[in-house]
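Take a look at the structure below.
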Amino acid sequence: MNIRTGTKRTRILIAAGAAVLLVGGIAGAAVAVSGDDDETERPIPAADLERASEAALAETGGGTVTDTEVDDEESKYEVEVTLEDGTEVDVQLDEDFQVVSTETDGPEDDADDD
């Protein structure tokens with residue numbers, strides 16, 4: 001092996017190593033920027049929506065299901081129910097559609113946000 005071949009081979013290896021580090025760095029930065037917390041809300045799949053809605057409406061005593069989410073930070077399912085007076089109730093359900101908790105956000109709470 002002559003010096004030129006060794007130098008050329010060394011340059012190629014260094015360039016390849018730098019490319020791997022660069023790609024790895026970009027991928028790592030993308031993960032760091034996006035984080036592991038997926039903030040995208042996913043609605044409850046159709047197969048589970050009816051059971052989740054029924055459980056939430058039973059808990060609130062009626063109303064209209066206005067939003068749903070699966071795998072949120074508090075429970076397996078979250079169902080938002082809007083009552084006739086405009087009050088919103090978030091009903092948290094476990095994987096068996098049992099109520100874990102409820103949180104009410106009424107019109108008076110909206111006034112506090114201003």
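Note that these values count all heavy atoms, side chains included, but never hydrogens, waters or copies made by symmetry.
Remark: D90 CG to E74 CD distance equals 8.0 Å, nearest 0.5 Å. To the nearest 0.5 Å, the span separating CD on Q92 from CD on E59 amounts to 11.5 Å.
T68 places none of its side-chain heavy atoms less than 4.5 Å from the side chain of Y77. V65 places a side-chain heavy atom less than 4.5 Å from the side chain of L57.
Checked by atom type and distance alone, the side chain of D94 pairs as donor or acceptor with a backbone atom of D96 at under 3.5 Å. A donor-acceptor contact shorter than 3.5 Å is absent between the side chain of T87 and the backbone of L83.
Under a cut-off of 6.0 angstrom, the local environment of CD in E95 is crowded, with over 12 non-hydrogen atoms contributed by other residues, nucleotides or ligands. Counted within 6.0 Å of CD on E54, heavy atoms from surrounding residues, nucleotides or ligands total more than 12; the atom is thus considered enclosed.
For T66 and T82, the side-chain atoms include at least one donor-acceptor pair closer than 3.5 Å.
When all heavy atoms are compared, the tightest approach of G63 to V81 is CA-CG1, 3.9 Å. Here the shortest heavy-atom pairing between A52 and I44 reads CB-CD1, 3.8 Å.
Checking D71, L93, D48 one by one against K76, the side-chain contact (heavy atoms from CB on, under 4.5 Å) holds for a single residue, D71.
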After noting the C-alpha distance and the side-chain angles of D67 and E41, does the key distance pass the side chain to side chain contact (heavy atoms under 4.5 Å, CB included) rule? CA-CA 10 Å; D67 195 17; E41 291 184 9; 3.7 Å; yes
